[in-house]
Amino acid sequence: MHALRQFAAHAAVASSMASSALALPSSSSSSSAVTADAACNATLTLTWPGWPGIKYAFIFGDSYTQTGFNYTSPSPPTQDNPLGNPKYPGWTSSNGPNWVDYLTVKYNASRLQTYNLAYGGATVDSDIVKPYMPTVLSVKDQVHSQFLPGYTSHGNSDLDTSSVHPSAPDAPAWQGNNSVFAVWIGINDIGNSFWLNNVTDINTKIFAVYADLVGLLYNAGARNFVFLTVPPVDRSPMMLADTPEARASEKMDIATFNGLVRQLADSLKDEHGDNANVWVVDTQVPFNAVLDNVAAYPQTANLKNTTSYCEAYQHGGLKPDSFNATCGVPVNEYFWLNSLHPTYPIHDVVAEEISKALVAGPNVCGTTSTGTATGTGTTTTSTTTSTSTSTSGGMGSMGGM
Ligand SMILES: *[C@@H]1O[C@H](CO)[C@@H](O)[C@H](O)[C@H]1NC(C)=O
Ligand SMILES: *[C@@H]1O[C@H](CO)[C@@H](O)[C@H](O)[C@H]1NC(C)=O
Ligand SMILES: *[C@@H]1O[C@H](CO)[C@@H](O)[C@H](O)[C@H]1NC(C)=O
Ligand SMILES: *[C@@H]1O[C@H](CO)[C@@H](O)[C@H](O)[C@H]1NC(C)=O
Ligand SMILES: *[C@@H]1O[C@H](CO)[C@@H](O)[C@H](O)[C@H]1NC(C)=O
Ligand SMILES: *[C@@H]1O[C@H](CO)[C@@H](O)[C@H](O)[C@H]1NC(C)=O
Ligand SMILES: *[C@@H]1O[C@H](CO)[C@@H](O)[C@H](O)[C@H]1NC(C)=O
């Protein structure tokens with residue numbers, strides 16, 4: 001099964017939301033809702049032990065992120081096998097490791113154990129934007145039917161205490177102050193809706209659910225949150241084959257979507273103040289940098305082809321540097337493995353950027369610049385999803401690539 005249809009692209013440009021988000025301390029001192037200030041000093045809290053103090057990572061997303069992890073399998077993550085199952089690097093869409101793999105074993109500053117619930121083809125909520133197959137587990141499903149029952153003492157909502165023990169084999173005794181939660185979602189939400197004339201309403205609905213899901217994670221104890229923006233998939237071969245109008249439209253929707261991601265991150269910080277550490281990592285920055293100039297990062301310097309994919313490589317499952325003469329260059333010298341998914345070098349860069357951001361400290365300061373908790377302490381929040389009926393139904397096929 002090849003490239004996820006559902007992908008879409010986007011690109012983001014949006015003036016004001018420049019992308020200093022990538023990490024590293026920059027000078028920005030603005031408290032603009034869309035500026036991710038590097039190192040909000042005032043907001044470093046006891047719940048952030050520094051990157052070396054993080055022991056557990058919980059990950060949500062789509063095929064860019066999935067490794068095919070089965071959370072009920074008797075082969076869970078351990079110190080010696082940090083991603084559990086399947087065998088490293090897992091079932092990725094990059095013909096090699098993906099960013100989760102690299103973050104866990106290359107850019108880790110501790111013996112990190114990673115619980116990757118991402119699922120190919122995922123949207124935020126299948127009831128709002130339908131995935132390419134009904135079996136796809138949306139982020140809503142990943143939270144409700146996997147994370148909550150698997151790794152918390154809740155059932156499938158924060159109000160449900162019927163299940164007293166986390167059900168995943170060897171579920172770790174994670175705490176807010178030794179765990180990080182990362183979400184990379186939106187490519188399929190955008191790809192399956194950017195061309196509709198009600199995309200504004202769709203985005204409103206998507207982000208209401210996204211915020212509820214993040215609220216559920218918070219109420220379950222999560223305190224350290226990383227949100228990745230949607231990369232410029234309007235520059236993918238799939239969209240390069242489409243009309244300029246379609247590309248422009250998708251690019252605009254991506255920019256809008258990414259602005260909403262930043263707003264969500266700011267709101268989370270505003271709501272919880274010192275009880276939450278929040279990052280936005282803008283994947284637009286490394287993707288665009290490399291698509292413009294492969295030498296932008298050492299990991300991508302050998303890329304030869306950034307505009308097309310080669311049919312002989314598109315299904316992946318090859319050796320990392322597999323070569324077929326019909327393609328001219330080895331698979332890992334193509335930026336794109338197929339019409340919508342990149343090969344592993346850019347994943348290496350994304351993981352490095354995330355680790356740099358984590359080392360630098362939270363870069364989302366909220367709109368209230370004080371960093372002081374505004375009456376938090378106990379949970380509350382917008383939580384309580386409106387959804388008790390997530391489309392569960394087991395893992396089904398892994399969908400997409
Ligand atoms: C954070 O603190 C460091 C060291 O005290 C300082 O150099 C830096 O300018 C501060 N950053 C911000 C955004 O306040
Ligand atoms: C996940 O693992 C469980 C336990 O081994 C197994 O019953 C289930 O079929 C697996 N799911 C998938 C999709 O492979
Ligand atoms: C990072 O993870 C790898 C693989 O588990 C491990 O060998 C290495 O020691 C870890 N790095 C640190 C700094 O703990
Ligand atoms: C982390 O949180 C737990 C429980 O909330 C607390 O017992 C522990 O002291 C905290 N650890 C650090 C290093 O602050
Ligand atoms: C958007 O339009 C599509 C197609 O007409 C419709 O199926 C969907 O329900 C609409 N969604 C929203 C949120 O309005
Ligand atoms: C990129 O790869 C495609 C597919 O193999 C090929 O047709 C195209 O000429 C290549 N472009 C460059 C700049 O090498
Ligand atoms: C190379 O690609 C062509 C076209 O897809 C295919 O027919 C051929 O079997 C491939 N060669 C090898 C050695 O895989």
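Both backbone and side-chain heavy atoms feed into the values below; hydrogens, waters and symmetry mates do not. Note that the coordinates shown come from a computational prediction; the quantities given were computed from them, not determined experimentally. Just follow the structure's listing: the first ligand is 1, and inside any ligand the first atom is 1.
The ring of F287 has its center closer than 6.0 angstrom to the ring center of F335.
A 4.5 Å side-chain heavy-atom check between R111 and K55 finds every atom pair outside the cut-off.
Near K205, meaning under 4.0 Å from one of its heavy atoms, ligand 5 places the atoms 13 (C). Every atom of ligand 6 is numbered from 1 in the order shown, and the set under 4.0 Å from a heavy atom of Y309 is 4 (C). Near T104, with a cut-off below 4.0 Å to any heavy atom, the atoms of ligand 3 are 2 (O).
Any N or O atom pair closer than 3.5 Å counts here, and N305 shares at least one such pair with ligand 6. Among the atoms of Y334, some N or O lies under 3.5 angstrom from an N or O of ligand 6.
Atom 3 (C) of ligand 5 has N198 ND2, 3.6 Å as its closest protein atom, hydrogens excluded (heavy atom only). Closest to atom 1 (C) of ligand 3 among all protein heavy atoms lies N108 ND2, 1.5 Å. Ranking the protein heavy atoms by distance from atom 9 (O) of ligand 3 puts R111 CD, 3.8 Å first. Nearest non-hydrogen protein atom to atom 4 (C) of ligand 5 is L196 CD2, 4.3 Å.
Donor-acceptor pairing under 3.5 Å is recorded for the side chains of D270 and T367.
Taking a distance limit of 4.0 Å, we find that atom 7 (O) of ligand 5 is approached by no protein heavy atom. Put simply, atom 11 (N) of ligand 5 has protein non-hydrogen atoms near it, under 4.0 Å away. Per-atom contact check: atom 14 (O) of ligand 5 touches the protein, criterion being a heavy-atom distance below 4.0 Å.
Each of Y151, F147, F227, Y56 was compared with F181 under the ring pair (Phe, Tyr, Trp, His ring centres under 6.0 Å) criterion, and only F147 meets it. With T67 as the partner, the side chain to side chain contact (heavy atoms under 4.5 Å, CB included) test is satisfied by one option alone out of N98, I59, N85: N98.
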Intermediate values then yes/no, ring pair (Phe, Tyr, Trp, His ring centres under 6.0 Å), Y64 and W184 | CA-CA 8 Å; Y64 272 47; W184 193 5; 5.5 Å; yes

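The two residues P330 and F323 make their nearest non-hydrogen contact at N-CD1, 3.6 Å. Residues P232 and T283 share a closest heavy-atom pair of CD-O, 4.4 Å.
The aromatic rings of F69 and Y115 lie perpendicular to each other, with more than 60° between the two planes, well past the 30° mark.
Considering only non-hydrogen atoms, atom 5 (O) of ligand 3 lies nearest to P82 out of P77, P82, P52.
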